[in-house]
Amino acid sequence: MSDFLRDYLTVVWFAATALLLSGLLLGISAAIRPNKPNYEKLMPYESGVDPVGLGWSQSQIRYYVFALLFVVFDVEAVFIFPWATQLERYAGFGLVEMGVFVFVLLLGLVYAWRKGVLRWV
Amino acid sequence: MLAIDVLLDKIDLTAVLIVLFKVVVVFIIGLVATMFMVWFERKIISGMQNRIGPNKAGPFGILQTLADGIKLFFKEDLLPDRADRFVFRLAPFLAFVPAFLVWSIIPLGGDFTNGKGGAIKIFGRYTLVQLADPPIGVLLLLALSGIAVYGIMLAGWSSGSKYPLLGSVRASAQMVSYEAALGLSIAAVLLVAGTLSTNGIVAVQTSLSKWHVVATGVVPFVIFLIAATAELNRPPFDLVEAEQELVGGFNTEYSSLRFALFFLAEFMNTVTMSAVIVTLFFGGPQPLKFEQGSLHFNGNLHLGVLNGTVWFIAKLFVFLYIYVWFRATLPRLRYDQLMNLGWKVLIPASLGWFMLLAAQRVATDNNWNKWAVSIISIAILGVCGLLLMAATRASAKNREREGAMF
C-alpha cells in the first residue's frame, strides 16, 4: 500500500470508531429507555395544534437557484486549489490565465446578480 | 509522512499499538473537548448575561454536560409517523461522523523547532501528534464540511414536518453559499503555504510574521472567520434553528440520543473549526516567539513533548471564547442580509484578495517592480469595488421606486 493511501486508512479507522461509538450508544439506549408510543406522540410537531397538510410542502425555488450557483464556485475551487499550491511553477503565465478564469467566473456572478437571482425578497 | 508509515509495511506490535493508541487518544480528546465546550459556552454566556449558569454537577458545574447526556440516554426516542424511517435514522450519523473526522487531520501538538516537522518521540519511535496527515488534508476538510450539510439537510427533510423542512432548506442554502467564500479564503493560505497537508501548513508558519494571518494580510482570516461561523450555523448566523421562527429547526422532531448526536456534532464542529482556524492562520502548535532587543522568548515552556500541545490549546481557547462572545453580542441576521453578505460581499472580496495576493507573490518571485504591481492590482480592485458599490446603490434605488421595504 502506498504512503498516499495509508493516511486515509487511519482516517477510515477513525470514522469506524466514531460510527461504532454512536451505534453502541444508540443500541444501549434502545435497550434501557422506555418505549410507549401513542398517536399524539408520533404526530409531527406544529406548535401544539394538529398538523395541516403534508409535511413535505413546497419551498421557494430560490434555495435551489443558490445551490446551482454554488456549483459554479465549487468547480472553480477544483482549478484554484491545485494552481495555488504550484504558483511558482506557472509564474506570470499562470497568473494571467487565472486572472482570465476568475474574470469569466465573476461575469457569471454578475449575470446572476443582474438577473435578480441574488435578490432574496 | 511519519504519521502512519509504520502501519502495514513492517507490521510489528509497536507500530500497530501506536496507531491504536493515537486513535483512542484523539477520540477521547475530541469527546472531552466537546463536553468541555458545552460547559464552557454555558458558563461564559451566563457570565456575560449576569447569571450563574450551571453550578450543581461537579465543581463549577463542569459535569453538567455528562448529566445532560445521561438524562438524554434514558429518554423515550420518538420516530414520527410521517418520517422517512431510514433517512431519519441515518441523518444523525451523517452529522456526527464528519464532525469527528475533521479532528483527525488537525496537528494537535508536536515539535516544530529546527525543522523537525512536528515529529515527537514516543515508545522509541518518531511520530506526528496528529492522527493522519494525508497529502490533501485541506481538501478532506472541505469535503467533510460538505458532507455535514447532508446530515442537517436529510434530518430536516426526513422528519416529514414543516419546521424541520424549513430549517433544512435554509441550512443547505446558507452552508453552500458560505462554503464558496470559505474555500476561497483557504486558497489564499494555500498560495502562501504551497502545500495542502495540514502538517506542512503548520510547518511553514515558523514565526509571528510568517503566521498566515499576517502573511496573507488579515482579510482572508476575517472572511474565513465569518464564513466559518455561518458554516457552523452559530449565532449570528443561526437561522437554521432560529427558535423564534422555527422552534428547533432541523432537529425539531428528534428526541433522546439521536438529538444528543446532533447536539454533540454541533459543538464538536465549533471546536474543530476553531482548531482549523488556529492551524491555518495562527501556526497551530507553533510557539509564539518574539525578539525585541534584549527581551526575547523562544516559546519553549520546558514541557518536553507537550510544549506544542499547550500552545495549541492556548490558541484554541481564544477562538472558543470568540465564538461564545459572538453569540452573546451579535443579533441574528435576516435571511436576505445573510445571502447578500455571502454572495455580494464575501465572495467578491475573497476572490479579489486572492488575485491580489497571487500577483504579489508572482511579482516577488520574478523580480518585477513590486510597487508597480501593487499599484496596478490595487487600482483594478478599487475600480471593481467602486463598480460593485455603484451597482448595489443603483439597484437599491430601483427597488425603492418599486416600493420594496428594504
Side-chain angles (χ1 to χ4, degrees), chain A residues 1 3-4 6-11 13-15 17-19 21-22 25-26 28-30 32-37 41-47 51 54-57 59 62-63 66-67 69-70 73-74 77 80-81 84-85 87-88 91-92 95 98-99 102 105-106 109 113 118-121, chain B residues 1 3-5 7-8 19 23 27 73-78 80-82 93 96-97 100-101 104 131-135 139 159-163 165 169 172-173 176-177 179-180 183 187 190-191 194-196 247 252-253 256-257 261 335-336 339 343-344 347 351 355 358-359 361-362 365-366:
Chain A
M1 190 175 276
D3 282 350
F4 184 75
R6 266 176 224 164
D7 277 319
Y8 293 106
L9 191 70
T10 320
V11 176
W13 281 37
F14 201 59
T17 320
L19 262 177
L21 178 90
S22 39
L25 282 178
L26 278 173
I28 297 173
S29 164
I32 57 175
R33 71 192 166 207
N35 187 24
K36 299 189 196 74
K41 274 185 194 170
L42 298 182
M43 263 196 314
Y45 178 78
E46 216 163 299
S47 307
L54 279 175
W56 285 296
S57 48
S59 52
R62 285 200 184 88
Y63 292 109
F66 274 103
L69 259 182
F70 166 69
F73 279 89
D74 223 23
I80 281 188
F81 276 51
T85 53
L87 182 70
E88 281 80 15
L95 185 67
M98 193 42 77
V102 166
L105 196 79
L106 278 181
L109 184 64
W113 196 333
L118 299 183
R119 195 157 83 183
W120 191 261
V121 192
Chain B
M1 292 315 115
I4 298 304
D5 260 19
L7 190 68
L8 289 175
V19 174
V23 168
F27 200 83
F73 213 74
F74 288 100
K75 289 289 173 186
E76 185 174 2
D77 187 32
L78 296 170
D81 260 345
R82 290 194 190 153
F93 291 103
F96 184 72
V97 175
F100 245 100
L101 280 187
S104 67
L131 191 63
D133 180 31
L139 289 188
S159 297
S161 174
K162 282 165 199 152
Y163 291 122
L165 183 73
V169 284
S172 40
V176 297
S177 298
E179 201 156 307
L190 300 180
L191 207 63
T195 170
L196 283 162
V247 193
T252 305
E253 295 290 349
S256 182
L257 215 62
L261 285 186
Y335 207 82
D336 61 308
M339 284 302 178
W343 287 98
K344 298 181 181 173
I347 289 179
L351 257 183
M355 288 316 289
R361 290 192 72 83
V362 171
D365 283 350
N366 296 359

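To find a chain, count down the sequence lines: A is the first, B the second, and so on, and within it residues start at 1. Atom set for the values below is all heavy atoms of this structure, side chains included, hydrogens, waters and symmetry mates excluded.
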With S177(B) via side chain to side chain donor-acceptor pair (under 3.5 Å) - residues at least two apart: W343(B)
Could you pull out all residues at least two apart from A15(A) that satisfy side chain to side chain contact (heavy atoms under 4.5 Å, CB included)? V97(B), L101(B)
Using a cut-off of under 4.5 Å for heavy-atom pairs, which of L105(A), D74(A), L21(A), L106(A) has the most such pairs with chain B? L21(A)
Report the option among M98(A), K36(A), M43(A) that has the most heavy-atom pairs separated by less than 4.5 Å from atoms of chain B. K36(A)
To the nearest 0.5 Å, how far apart are CG in L261(B) and OG in S22(A)? 6.0 Å
Taking side chain as everything from C-beta outward and backbone as N, CA, C, O, which of these in [X] sits under 4.5 Å from a heavy atom of chain A? Side chain, backbone, both or neither.
| X | result |
| --- | --- |
| S256(B) | side chain |
| F74(B) | both |
| E76(B) | both |
| F96(B) | side chain |

Looking only at non-hydrogen atoms, find the nearest pair between [X] and [Y] and report the distance.
| X | Y | result |
| --- | --- | --- |
| E179(B) | F70(A) | CB-CE1, 3.9 Å |
| A67(A) | V176(B) | CA-CG2, 4.3 Å |
| F100(B) | A18(A) | CB-CB, 4.1 Å |

Looking at chain A, which one of [options] has the largest number of heavy-atom pairs inside 4.5 Å, strictly under?
| options | value |
| --- | --- |
| T195(B), D81(B), L139(B), L196(B) | D81(B) |
| T252(B), D77(B), V23(B), I347(B) | D77(B) |
| Y163(B), F27(B), F93(B) | F27(B) |

Is it true that atom NZ of K344(B) has more than 12 heavy atoms of other residues, nucleotides or ligands lying nearer than 6.0 Å? yes
